[in-house]
4 protein chains.
Amino acid sequence: MATVTPPTRPALRERYERRRREVIATAARLFAQRGFQATSMSELTEATGLAAGGLYHYIESKDKLLISICDELLDPLLERAREIVAEPAPPAEQLRALLHAWLAHIAGHRDHMLVFAQERHVIEREPQWRRVRGRRKAFEQLLDDVLVRGEADGTMHFEDRGFALLTLLGMVNYTPQWWNPRGRLGPEQIADGYCDLILRASASA
Amino acid sequence: MATVTPPTRPALRERYERRRREVIATAARLFAQRGFQATSMSELTEATGLAAGGLYHYIESKDKLLISICDELLDPLLERAREIVAEPAPPAEQLRALLHAWLAHIAGHRDHMLVFAQERHVIEREPQWRRVRGRRKAFEQLLDDVLVRGEADGTMHFEDRGFALLTLLGMVNYTPQWWNPRGRLGPEQIADGYCDLILRASASA
Amino acid sequence: MATVTPPTRPALRERYERRRREVIATAARLFAQRGFQATSMSELTEATGLAAGGLYHYIESKDKLLISICDELLDPLLERAREIVAEPAPPAEQLRALLHAWLAHIAGHRDHMLVFAQERHVIEREPQWRRVRGRRKAFEQLLDDVLVRGEADGTMHFEDRGFALLTLLGMVNYTPQWWNPRGRLGPEQIADGYCDLILRASASA
Amino acid sequence: MATVTPPTRPALRERYERRRREVIATAARLFAQRGFQATSMSELTEATGLAAGGLYHYIESKDKLLISICDELLDPLLERAREIVAEPAPPAEQLRALLHAWLAHIAGHRDHMLVFAQERHVIEREPQWRRVRGRRKAFEQLLDDVLVRGEADGTMHFEDRGFALLTLLGMVNYTPQWWNPRGRLGPEQIADGYCDLILRASASA
DNA sequence: TATGAATGAGCCTTCATTCAT
DNA sequence: CATGAATGAAGGCTCATTCAT
C-alpha cells in the first residue's frame, strides 16, 4: 500500500522523477516491440536493472504504467497544440504548425505512439482511461477547429471535412509504423507532405 | 496432438468447415474488442458455446487461430487484387478498382483488420508469421506496381511515390477504427475519397 | 472467469460436490493448524493432491474458501437449532437439546470452529461476510430466546441474562481449543456440564 | 543486524523505551483489528508515523514484535498472580482476587488479548514461543492450584475440577470479544460474575 | 464430436527486511 | 535516530492445453 510515494525532499525527488521517466521510457520500448500483455514484468525488471519489487517504487501497477506512457505522449502534445492555435495565424499556417509539432513529437515518442495504437481496445473500453480518451479527443477537436476556421475564412473548401480529418489522422497515426530516424525523410518533410495533401484536397472543391 | 483432423466425408466436412469459420469469426470479434492476449480461451469457449476441449477440434492453438484470422483477411484480398491487376485497364482505373475491393473487404472484415493491426508486433517478429508477412508485402507491392505503371505511362507524377503509398496505407488501415456499417459513408465512397486524394496528389507535380 | 461451474449432469455433479467437500475439509484442517493466512495455496494443493489450478475448479478463491468453511459450520447447526426450538418442549429442555446439538456439531467440526474463531477479525470487518455474521447472530438469538422463555415461564431467573449468555458462549466457543476426540469427556457430557452450570446460575437469584 | 540496541544513557533510554511501548501498543491494535499476518509492516509504519527503516530501531522483526505483545500481556499478569497466591488468604478469596486482577488486566490489554487468542496456532507450534507457552501454562497452573487448595480445605467440591477450570478459562478468554470500556459492565463486576458462577458450581456437589 | 477435470508454468504483485545516506 | 530505495522470495491466481470419458 502506498508504495508509490515520491519523496518530498527536493534532491531525492528529482532523482526519483528522473528514474521514473527512465522506467516509463524503457517500458514503452518493450511494449512497442513485444506488445503490452506479452511483455512480462520480469522482462521489464531485467531491462530496467531493477529487481522485481524495486520497480514498484516507481509505478503503481502494470496498467497504470500503460496509462503513464500515454500521458507522456498526449499531455505535452496537447499543451503545445493549444499554444499553436492560441496564436493569431491564418488557419493553413496553424495546420502546418500543428503537423510540424505533431510529427516532431511522434519522432521523439515512436514507442509511445505504437503502444498507444496497439492498446486501442483497452483505452476505448476501460473507465480508468477516460482522461486519456479525453486528451486524444481534445487534440482531434483542435485539428477540426482549424479546418472549420479555414472553411469560415474561405481559404479551405472540403467536400467532407470530417472525412478529410479522418484521412489525416490515418496518415499521421500510421507514420510510426514505417518511419525510422535514420531514414530518408525527417519529421518536417513528412509533416509538409501530409499538409500539402490535405490543403490540395481543400483547394479543389 | 493432431486434434484438428477435418472429417473426410463431404457432408460432415462441410459442417465442420462452417463451424470452423464461425469460431474464427467469433474469435476475431473478441480479439478486436479485448485484444488477443487479453482474451482468454475460456471467454472464447463461452462465446462459441463450446466447452474447453471442443474448441480444439476446430483450431490447433490460440496462436494458429490468430494466423487463421489473418489468412481469412489477406488471402481472398490478395487473390482479388491479382485478378484486378491482371486485367488490361489503365493504372488509375486499376488503382480505383483495387481500392474498391480493398475497402469492401475491410467493411466485411473489420474485426479481422483491427486484430491484424494491433498484433503487428507479433506478426513482425515471429518466424511462423512469414507467410502472413509475405502476403501483406505482396499486396502492397501490387499497389506500388500500379503507381509505377502510372508513372511509366505518364498519367501519374509523384514527388515521392513511396511516401504516397505510405500515405495511402495509413488512411486505409486506419479506416476500421472509425468506420461503422450504419454510418454515413459506404465503402465505395470511402474508396473513391482515398483514390481522389492520391490521384490529385499525383496530378500536381 | 467462471472457473467454478459445477457440472449439470447428476453423476458428475455428485462427484464434484463430494470432492468439493473434501477440499473444504482439508482446508479447514490446515487453516486450523497453521492459520488461514499462514497457509499457502501450495500447501493446500499438496494436501489435497490436486495441482495448483485444479483446486480452482472447486473454489473461487482462498477467501471464498474461508467463507465456505464457515458456511459448512453454521448452516447445518442453525438448521438443527431451529428444529429444536420449533418443538413444544420446556425451555430448560430445549436449552439442553441445543447444547447437545451444538457440542456434537463442534465435535464433528473442530477445525471449522478453530478457523471460525481465529479469523474473527476478517468476519467482523468485511462486507462479504455479512451472511456468516447473520447466521451466527441468528444462532445466538435462538439461545437468548430460550432463556427469555425460561424467564417468562418462571423456570429461570437470571441476574443478568445477557451476561449469562456471554458466559455460555465463552465456554462453548473455547471448547475446540482443548477438547479432543480421544479425551475423557464426550460432547454429551460437556454439553450437560455447561447446561448444569447455567441452569444452576439461573436457579439462584 | 543487531539493529535493536537500546541506548545506554538514561535520558535517551527512557525515551527509547517509551516509544518502543508505543510501537507495541499500536501494533497490538492493528493486529487485533486486522490479524497479525494480514497487517503489513507498511501499515504499521504508517500508523506509527515512522518510516520503514525507523521501525526496526524498536523491534527486531515482525515475529519478535508479536512475542513482545504477548510478553506485555502475560508477564505483569503472571507477576501479579504470584503475589496474590503468595498471600495467606483462603482459596475462594484468592480466586476472586485472581479474577479481579485478571479481568482488570484484560480491560487494559484488550488488543493484546485478541492477538494472543487469534495467533494461538503460532504460539502452539513454534519453538521460539516456548517461553510464552510456559507463562500461560504457569498462570493456568496457579488457578488450578487455588482450586486444589479449595478442595483440600473442604471449601470447594468439584465434580470435575479440570473441566471447571476449562469452563472458567473459556469465559474469561472470550471476554475481550464482547467487552468494551463504555459498556454496562466493568471488569470487577465481570470478575465477580465469573467467580460466583464457579463457586456456585463448586458448592453443589 | 464433445465434455470438463486437471495440469503446471508463469503471471503480477506484496512484503519483511536491509543498508547507504 | 531516521530515511527510503532496493531486494527477492513467495504469494494467490490464471490460462492454454490435454485427455479420459
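By convention in this document, chain letters (A, B, ...) are assigned in the order of the sequence lines, proteins followed by strands, and residues within each chain are numbered from 1. As a basis for the values below, the full set of heavy atoms in this structure was taken, side chains included, without hydrogen atoms, waters or symmetry mates.
If you check every strand for non-hydrogen atoms under 4.0 Å, C/Thr39 touches sugar and phosphate atoms only.
Here F/dA10 presents its P atom at 19 Å from CE of D/Met41, a figure rounded to the nearest Å. The separation between C/Glu60 atom CD and F/dG12 atom P is 17 Å, rounded to whole Å. Note: CZ (A/Arg13) to P (E/dT21) measures 22 Å, nearest angstrom. Residue B/Leu44 contributes atom CG, which lies 18 Å from atom P of F/dT14 at whole-angstrom precision. Per the geometry, CD belonging to B/Glu43 stands 12 Å off P belonging to F/dT14, to the nearest Å. Rounded to an integer number of Å, the gap from CD1 of C/Ile59 to C1' of F/dC13 is 10 Å. We find that CD of B/Glu22 is positioned 13 Å from P of E/dT1, with the value rounded to whole Å. Rounded to whole Å, atom P of F/dA5 lies 11 Å from atom CD of A/Glu17.
If you check F/dA2, F/dT18, E/dA2 against the side chain of B/Ala52, the one that comes closest is F/dT18. With F/dT3, F/dT17, F/dG12 as the candidates, the nucleotide lying closest to the side chain of C/Tyr56 is F/dG12. The D/Lys62 side chain lies nearest to E/dT17 when the options are F/dA6, E/dT17, E/dT13. Nearest to the side-chain atoms of C/Tyr58 among the listed nucleotides E/dA5, F/dA6, F/dC15 stands E/dA5. Of the candidate nucleotides E/dA16, F/dC1, E/dT13, F/dC1 has the atom nearest to the side chain of D/His57. Here the nucleotide nearest the side chain of B/Ala51, chosen from E/dT3, F/dC1, E/dA5, is E/dT3.
At most 12 non-hydrogen atoms from other residues, nucleotides or ligands lie less than 6.0 angstrom from CD of A/Glu46. Annotation: A/Glu22, atom CD; neighbour count of heavy atoms from other residues, nucleotides and ligands within 6.0 Å is above 12.
For the OP1/OP2 pair of E/dA2 and a distance below 4.0 Å, the side-chain nitrogens and oxygens of B/Arg19 include at least one atom meeting the criterion. Put simply, B/Arg15 has a side-chain N or O that comes within less than 4.0 Å of OP1 or OP2 on E/dT1.
A/Met41 and A/Tyr56 make their closest contact through CE-OH, 3.4 Å (heavy atoms, listed as atom of the first residue, atom of the second, distance).
C/Ser68 pairs in a side chain to side chain donor-acceptor pair (under 3.5 Å) with only one of the listed residues (C/His112, C/Arg20, C/Glu60, C/Arg21), which is C/Arg20.
In this structure, F/dT21 and E/dA2 make a Watson-Crick or G-U wobble pair, each of the two defining distances being under 3.5 angstrom. F/dG8: Watson-Crick or G-U partner is E/dC15, with both key distances under 3.5 Å.
Between D/Ala38 and B/Gly49, the residue anchored nearer the 5' end of DNA chain E, judged by the nucleotide with its closest heavy atom, is B/Gly49. The nearest heavy atom of DNA chain F to C/Ser61 and to A/Gly54 marks one nucleotide each, and the one closer to the 5' end goes with A/Gly54. Mapping B/Leu50 and A/Gln37 onto DNA chain E by nearest heavy atom places B/Leu50 closer to the 5' end of the strand.
A donor-acceptor pair is defined here as one N or O able to donate and one able to accept, closer than 3.5 Å; such a pair exists between the side chain of B/Arg133 and the backbone of B/Ile123.
A salt bridge is absent between C/Arg18 and C/Glu14; no separation between the charged side-chain nitrogens and carboxylate oxygens falls under 4.0 Å.
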